[in-house]
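First the structure, in the form of structure tokens, and then the observations on it.
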Amino acid sequence: MNRRSLLRAGVGMLAGGAALALPPTPLAGAAPTADPTDGWTKTSFGYSWQKPWNLDLSDRHSDSGGVHRMWVYATDEPFEEGSSTDPRTEMRWKVDYKTGDHMWDADVYLPSGTDGASFVQILRSVHPSGTPATDIMLNVYDTGGGTVRRYDGTVLRTNAYDTWFNVKIAHEASSGTGTIKVYFDDSLVLTVADRGPATRYFKNGVYNHGSGRAEARFRNILYWTR
């Protein structure tokens, strides 16, 4: 499936309540109410790479000084020969789960000009027929100095280009409908229902649904459970 159509449909395919929209930029001087990781345990994790199938990883990724830099072009090949999905360079976390509390945590840097690209998502690798392939995707668009949206809908942040900010995605997964919370710099910016029962995993990197070149950078990547 081409993910451009998935992005447009994403907001309308929720299982459960609507997202809670919050101001697009944090209030100046606002302090986080609590550390979102309180009560959570830092947990080890592994990952594999998904990148254009005909290129070496070093053609689309660098790791220097603890910063993972990933980029891709709209004209690149998909991650598997013959796939109809958009080009990507992503870490595929090797932590598949159905239930429980799981949190993705990293500092993120989105260079200016990156447009229509997903930089983190929860992918539903095994899910009931007719249900969405993802629980959430965070995308950046070339408006407002870099606008971060849930899919192509709810605005979570503006002026996101060319600055480091911390992102946490906490997923309370259950055998029914679970809850996802998104934090920017430890401030809650979104609470939304997931898409129901599934086996899923985290992915981060750059998944280009737009045109031209897209890039994302990550440091201090952590996994938390409770």
*Steps toward salt bridge (Lys or Arg N to Asp or Glu O under 4.0 Å) verdict (Arg200, Asp135)*: CA-CA 8 Å; Arg200 64 262 287 183; Asp135 282 309; 2.8 Å; yes
*Report the C-alpha separation of Tyr151 and Thr134 in whole Å, then their side-chain angles, then the decisive distance to 0.1 Å, and conclude whether the side chain to side chain donor-acceptor pair (under 3.5 Å) test is met.*
CA-CA 10 Å; Tyr151 296 100; Thr134 60; 2.6 Å; yes
*So Asp56 and Lys51, salt bridge (Lys or Arg N to Asp or Glu O under 4.0 Å) or not? Walk me through it.*
CA-CA 8 Å; Asp56 293 332; Lys51 45 78 179 176; 5.5 Å; no
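Side-chain contact annotation: Asp152 with Asn139, donor-acceptor N/O pair under 3.5 Å absent. With 3.5 Å as the limit, one finds no donor-acceptor pair spanning the side chains of Thr114 and Tyr141. Side chain to side chain, Gln50 and Arg88 meet the donor-acceptor criterion of an N or O pair below 3.5 Å. Using modelled atom types, one finds a donor on one side chain and an acceptor on the other under 3.5 Å when comparing Thr85 with Ser83. With hydrogens and angles left out, the side-chain atoms of Trp40 and Asp101 include no donor and acceptor closer than 3.5 Å. Looking at Thr158 and Thr147, their side chains never bring a donor and an acceptor atom within 3.5 Å of each other. Side chain to side chain, Asn166 and Asp185 fail the donor-acceptor criterion of an N or O pair below 3.5 Å.
Atom CD1 in Ile169 sits 11.0 Å away from atom CE in Met137 (nearest 0.5 Å).
Aromatic pair His102/Tyr97: ring centres closer than 6.0 Å. Between Trp93 and Tyr223, the distance separating the two ring centers is shorter than 6.0 angstrom. No close placement of the His171 and Phe202 rings is indicated, their centers lying 6.0 Å or farther apart. Taking the six-membered ring where the residue is Trp, the centroids of His61 and Trp49 are separated by under 6.0 Å.
A salt bridge between Arg92 and Glu90 is absent, with no side-chain N of the basic residue lying under 4.0 Å from a carboxylate O of the acidic one. With salt bridges taken as basic N to acidic carboxylate O contacts below 4.0 Å, none links Arg124 and Asp194. With respect to Arg226 and Glu172, a salt bridge is recorded, a charged nitrogen being found less than 4.0 Å from a carboxylate O.
Placement of Leu222 and Val108 in two distinct hydrophobic clusters is found when ILVMFWY residues are connected by side-chain heavy-atom separations under 4.5 Å, directly or transitively.
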